[in-house]
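Chain A is the first sequence line, chain B the second, and so forth, proteins listed ahead of strands; every chain is numbered from 1. For the numbers below, each heavy atom of this structure counts, side chains included, while hydrogens, waters and symmetry mates do not. These numbers come from a predicted model, not from an experiment.
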Protein chains: 2
Amino acid sequence: MTAETTDFAEALRAAGLRVTQQRLRVLSILMQAQDHPNADEVFTRAREIDGSVSFATVYRTLSALEEAGLIQRLSFENEPARFEVMPSADHDHLVDIDTGEVIEITSDEINRLRAELVARLGYEIVSQHTLIRARRKPDA
Amino acid sequence: MTAETTDFAEALRAAGLRVTQQRLRVLSILMQAQDHPNADEVFTRAREIDGSVSFATVYRTLSALEEAGLIQRLSFENEPARFEVMPSADHDHLVDIDTGEVIEITSDEINRLRAELVARLGYEIVSQHTLIRARRKPDA
DNA sequence: ATCGATGCAAAGGTTTTGCATCAAT
DNA sequence: ATTGATGCAAAACCTTTGCATCGAT
């Protein structure tokens, strides 16, 4: 077991989950991913490594990891949910509507303003996510 | 035809769509809605008025109206898409995770900051939406 | 040995689509 | 009359679930 998978294993145990090959695999796929794969893509990548992984397990694993706070589910418009390892800071996503490329963006100031606004309404933020659909500026 | 439906009719024609009973009905339902109904709820409400409206038409109509810029599709997490008439100003949604209540929130300052941020990346915002899952403050 | 996790297949819920008919232009 | 819109039913699509088996503890 590599140092990397040892870390994963500890995180899983800390969340009260059994350390299975499948979970290590899914976590590792998401940690290595440069993009934001959906369940089907995670499944395909997992299959390349272990031909016996099932669809059901991928879905169950993704839900379990989400509930354990290890990964985050992203709900984009009109497409299956995508996943990413839990980010350290709240960040949002910009989708290039022409290429489909996803860019992560962060603004502490916006986060602060939002928290204030929500607090004024008598609420506490549990989670938040901004989806921006944008197009490259032609004159950029 | 009431003044209200005349307005709808003009909006439809301006969008290059035929003015059908079904479209007027769906638009009218969304304009009167105090909530953010999903396709199924729109269908049910339409059925109460016209027993012949079909599911397929509701979905096709919602997509057509969205493309025409008359209504907006809201993608919440893990639930079917909801719809609202196109708002004059960009606004976001706060979902009370305990009651399911949806509250509309707006902040010109946040919108401005976001536009700036996106522009700096060389993009123009096509649409944007923030979903905040929140819980009432116990000590509010 | 226990009991949670898995794989398979089948079902569930939401949305789309093919096609004949209808109705707005 | 033309052609887009509708209704119906069937399919597609994404996700969840029942159940027998497997494997982590």
Within less than 4.0 Å of OP1 or OP2 of dG7(C), is there a side-chain N or O belonging to Thr57(A)? yes

Quick one: Leu62(A) CG to dT6(C) P, roughly how many Å, whole number? 11 Å

Atom CD of Glu41(A) and atom C1' of dC13(D) are separated, to the nearest Å, by 15 Å

Presence of salt bridge, Glu66(B) and Arg73(B), under 4.0 angstrom: yes

Separation of dT15(C) C1' from Phe43(B) CZ (nearest whole Å): 14 Å

Starting at CG of Leu30(A), measure out to CG of Leu70(A) and round the result to the nearest 0.5 Å. 10.5 Å

same_hphob_cluster(Met31(B), Leu62(B)) at 4.5 Å side-chain heavy-atom cutoff: yes

When you measure from the side-chain N and O atoms of Ser52(B) to the phosphate of dG7(D), is any distance below 4.0 Å, counting only OP1 and OP2? yes

Separation of dT6(D) C1' from Arg25(B) CZ (nearest whole Å): 13 Å

Is any side-chain heavy atom of Arg45(A) closer than 4.5 Å to one of Pro37(A)? yes

Overall bend of the helix from dA1(C)-dT25(D) to dT25(C)-dA1(D) (five pairs an end, 10° steps) is 40°

Please determine which of Arg135(B), Arg136(B), Lys137(B) meets the side-chain hydrogen bond (donor to acceptor under 3.5 Å, both in side chains) test together with Tyr123(A). Arg136(B)

Does atom CG of Asp50(B) have more than 12 heavy-atom neighbours, drawn from other residues, nucleotides or ligands, at distances under 6.0 Å? yes

Please report the distance, rounded to the nearest Å, between CZ in Phe55(B) and P in dT16(C). 11 Å

Under 4.0 Å between a side-chain nitrogen and a carboxylate oxygen: does that hold for Arg133(B) and Asp98(B)? no

Could you list by number each residue of residues 65-79 of chain B showing a heavy-atom separation from DNA chain D of less than 4.0 Å, or answer none if no residue does? none

Residues which pass ring pair (Phe, Tyr, Trp, His ring centres under 6.0 Å) with Phe83(B), listed by chain and number, not counting sequence neighbours: none

Name the nucleic acid region contacted by Ala81(A), choosing base, sugar-phosphate or nothing; use a 4.0 angstrom heavy-atom cut-off, strictly under. sugar-phosphate

Using the rule that Ile, Leu, Val, Met, Phe, Trp and Tyr join whenever any side-chain heavy atoms are under 4.5 Å apart, tell me whether Ile97(A) and Leu121(B) fall into a single cluster. no

Would you indicate what Arg82(A) reaches in the nucleic acid, counting non-hydrogen atoms under 4.0 angstrom: base, sugar-phosphate, or nothing? nothing

Sequence neighbours excluded - ring pair (Phe, Tyr, Trp, His ring centres under 6.0 Å) pairs with any residue from residues 14-38 of chain A: His36(A)-His93(A)

Reading nucleotides 18-25 of chain D from the 5' end, what letters show protein touch, with B for base, S for backbone sugar-phosphate only, - for no heavy atom under 4.0 Å? B----BBS

Given atom CG of Asp40(B) and atom P of dG12(C), what is their separation to the nearest angstrom? 16 Å

List, by chain and number, the other hydrophobic cluster members for Leu131(A), where Ile, Leu, Val, Met, Phe, Trp and Tyr join if side-chain heavy atoms come within less than 4.5 Å, directly or indirectly. Leu74(A), Phe76(A), Val95(A), Val102(A)

Within this structure, what is the OH-to-P distance between Tyr59(A) and dA10(C), rounded to whole angstrom? 18 Å

Using only heavy-atom distances, determine whether the side chains of Glu84(B) and His91(B) contain a donor-acceptor pair under 3.5 Å. yes

Atom-to-atom span, CG of Leu24(B) to C1' of dA23(C) - whole angstrom: 14 Å

